[in-house]
Amino acid sequence: MKHFLRVLVQFLSFLYCTFLWRALKFLTHKVTGRCELQRICHSHKPGACRTLMIEKSLRSSKSELLQSAVSVGSDSVEKVTDDIMTLKRIHEDSNLQLSVSLQACLFQVVGYRALLVEVETLRREHYDSDNPQHEDMLLRFWKALCPDSPLTSRVSKQWSDIGFQGSDPKTDFRGMGILGLLNLLYFAEHDRTTALQVLHDSQQPKHSKMSTLDWNKNNFDKAIGFSFAIVGINITQLTYKLLLDGALKTHLYNVAPEMPSLAHFHQTFCYLMQEFHRFWVEENPRDIMEFNRVRDKFHRMVLKQLQNPTVALGHHSPASHLHLINL
């Protein structure tokens with residue numbers, strides 16, 4: 001009985017809050033002459049803050065048209081925007097900027113969803129050594145990192161030099177599929193200087209930066225580098241999880257004024273790879289057995305950064321500096 005009463009009170013409280021919220025929206029609309037979508041676009045600059053609020057408003061609307069607006073394909077965004085303007089009785093001729101701003105937000109929302117589908121498809125695609133495209137990407141990855149050291153054979157212990165576990169890298173891609181390889185290849189080819197630096201540092205034992213006396217004094221007996229390729233696959237998993245959970249919306253809505261793309265995902269991976277390397281050095285772990293602890297702590301740090309609606313990871317400009325259309 002007590003449980004029933006508690007549930008009933010919670011339900012009534014929900015109805016009451018919902019009623020108050022809708023009543024407030026109605027009164028605000030009457031006083032300002034603007035619907036909620038107009039108020040959001042007028043009150044917030046382009047970027048994550050505006051797009052997240054528009055997305056939330058559409059999802060929570062009683063109108064089926066507005067609810068479905070966040071689920072349409074990119075080719076339907078313009079029509080849906082016109083339908084919303086008609087539904088809200090907003091004349092486009094006198095509110096052209098509203099139409100443009102709303103359309104931009106919708107492109108970001110549907111683009112994020114499309115990116116998630118694309119990334120998931122790549123993650124589910126297993127590495128196939130009989131697939132020429134897969135093999136070509138793998139060999140390009142090696143050449144980008146080791147241009148002066150030709151592979152003696154396709155299956156070789158040389159792969160361990162760049163951080164794979166065995167003589168055939170295909171076994172290491174099982175968790176993240178082709179997505180893991182694509183991220184590593186993008187890093188090696190598009191940010192080669194940084195990738196080579198991270199690879200070099202990952203191969204160095206900790207005692208290479210210490211005197212023999214200090215090494216012996218601390219009684220270290222293990223190198224504290226890390227496996228570059230394996231860590232890259234782990235960071236791919238982290239980037240994928242951030243995308244899947246929606247945590248990357250703040251970053252992507254701020255750096256992609258149109259539609260987030262796979263290139264944005266790769267660039268985010270490159271940033272996180274570089275930052276993890278820095279974080280690993282700062283954490284100063286005793287040995288590689290601390291990898292999971294350091295990775296989880298790094299994950300929590302990134303999540304905290306992404307809670308800021310103005311965040312733009314890496315070298316991108318803050319949202320307030322982006323060249324977006326202001327209402």
Side-chain angles (χ1 to χ4, degrees), residues 115-116 118-120 122-125 127 137-138 141-142 144-145 159-165 169-204 224-252 255 260-285 288-306 311-316:
L115 175 60
L116 182 55
E118 184 177 11
V119 166
E120 180 64 25
L122 292 170
R123 187 189 72 83
R124 290 173 177 267
E125 183 179 349
Y127 185 93
M137 288 189 292
L138 182 61
F141 178 53
W142 172 268
L145 296 180
W159 289 110
S160 64
D161 295 342
I162 58 175
F164 287 103
Q165 290 180 325
K170 70 177 184 180
T171 60
D172 292 325
F173 292 118
R174 288 173 182 166
M176 286 290 107
I178 287 300
L179 183 66
L181 176 55
L182 281 172
N183 269 343
L184 286 169
L185 180 60
Y186 189 96
F187 189 31
E189 291 188 338
H190 289 79
D191 198 359
R192 187 166 179 266
T193 300
T194 303
L196 288 173
Q197 184 64 56
V198 174
L199 174 63
H200 174 269
D201 292 348
S202 74
Q203 295 170 334
Q204 306 306 309
I224 312 185
F226 54 79
S227 300
F228 178 88
I230 296 300
V231 167
I233 293 170
N234 266 271
I235 298 302
T236 291
Q237 184 180 34
L238 186 151
T239 313
Y240 164 74
K241 182 171 174 49
L242 292 172
L243 181 73
L244 185 65
D245 294 344
L248 274 186
K249 285 183 178 181
T250 49
H251 164 67
L252 291 179
V255 303
S261 66
L262 188 60
H264 290 108
F265 183 82
H266 291 324
Q267 290 161 9
T268 303
F269 163 80
C270 293
Y271 168 78
L272 292 177
M273 189 70 175
Q274 183 178 358
E275 283 299 292
F276 179 80
H277 165 246
R278 180 191 59 78
F279 190 77
W280 176 268
V281 173
E282 290 180 355
E283 281 294 297
N284 192 26
I288 194 63
M289 298 304 292
E290 290 197 71
F291 176 78
N292 287 342
R293 177 190 67 79
V294 177
R295 180 197 57 197
D296 291 346
K297 186 174 180 180
F298 177 71
H299 187 187
R300 292 193 296 272
M301 182 192 75
V302 174
L303 276 175
K304 186 175 181 180
Q305 291 177 343
L306 291 171
V311 70
L313 300 177
H315 62 275
H316 302 286

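Everything numeric in this text was worked out from a predicted model, so none of it was measured. Atoms considered below: every heavy atom in the structure, side chains included; atoms not considered: hydrogens, waters and symmetry mates.
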Aromatic contact, Phe269 with Phe276 (centres under 6.0 Å): no

Minimum side-chain heavy-atom gap His299-Leu242 below 4.5 Å: yes

Non-hydrogen side-chain atoms of Met273 and Val231 separated by less than 4.5 Å: yes

Check [X] against [Y] and note the closest heavy-atom contact, atom names and distance.
X      : Y      : result
Leu306 : Leu248 : CD1-CD2, 4.0 Å
Ala144 : Ala188 : CB-CB, 3.8 Å
Leu184 : Phe141 : O-CE1, 3.5 Å
Leu145 : Ala195 : CD2-CB, 4.3 Å
Ala312 : Val255 : CB-CG1, 3.8 Å
Gly225 : Ile288 : O-CD1, 3.6 Å

Sequence-distant partners of Trp142, ring-ring contact (aromatic ring centres under 6.0 Å, His included), two or more places apart: Trp159

Residues in ring-ring contact (aromatic ring centres under 6.0 Å, His included) contact with His190, at least two apart in sequence or another chain: Tyr186

Residues, nucleotides or ligands: over 12 heavy atoms within 6.0 Å of Arg124 CZ: no

For the atom pair [atom1] ([X]) and [atom2] ([Y]), what is the distance rounded to the nearest 0.5 Å?
X      : Y      : atom1 : atom2 : answer
Met176 : Leu238 : CE    : CG    : 10.0 Å
Leu272 : Thr239 : CG    : OG1   : 4.5 Å
His264 : His251 : NE2   : NE2   : 7.5 Å
Ser261 : His266 : OG    : NE2   : 8.5 Å
Leu181 : Met137 : CG    : CE    : 5.0 Å
Trp280 : Arg295 : CH2   : CZ    : 10.5 Å

Side chain to side chain contact (heavy atoms under 4.5 Å, CB included) between Glu283 and Arg293, intermediate numbers included: CA-CA 10 Å; Glu283 281 294 297; Arg293 177 190 67 79; 3.2 Å; yes

Set of residues satisfying side chain to side chain donor-acceptor pair (under 3.5 Å) with respect to Gln197, sequence neighbours excluded: Asp201

Can you pull out every salt bridge (Lys or Arg N to Asp or Glu O under 4.0 Å) where at least one residue sits in [range]? Sequence neighbours excluded, please.
range            : result
residues 225-249 : Glu55-Lys249, Lys241-Asp245
residues 173-199 : Arg140-Glu189
residues 264-277 : Glu275-Arg278

N/O donor-acceptor pair under 3.5 Å between Asp172 side chain and Gln165 backbone: yes

Asp161 backbone acceptor or donor facing Gln203 side chain under 3.5 Å: yes

Parallel, tilted or perpendicular: ring planes of Phe173 versus Phe164, cut at 30 and 60 degrees: perpendicular

Thr268 and Leu243: CA distance, side-chain angles, deciding distance, side chain to side chain contact (heavy atoms under 4.5 Å, CB included) verdict: CA-CA 10 Å; Thr268 303; Leu243 181 73; over 6 Å; no

Residues Tyr271, Ile235; criterion side chain to side chain contact (heavy atoms under 4.5 Å, CB included); working and verdict: CA-CA 10 Å; Tyr271 168 78; Ile235 298 302; over 6 Å; no

Option passing side chain to side chain contact (heavy atoms under 4.5 Å, CB included) with Asn183 (candidates Ile233, Ile178, Thr236): Thr236

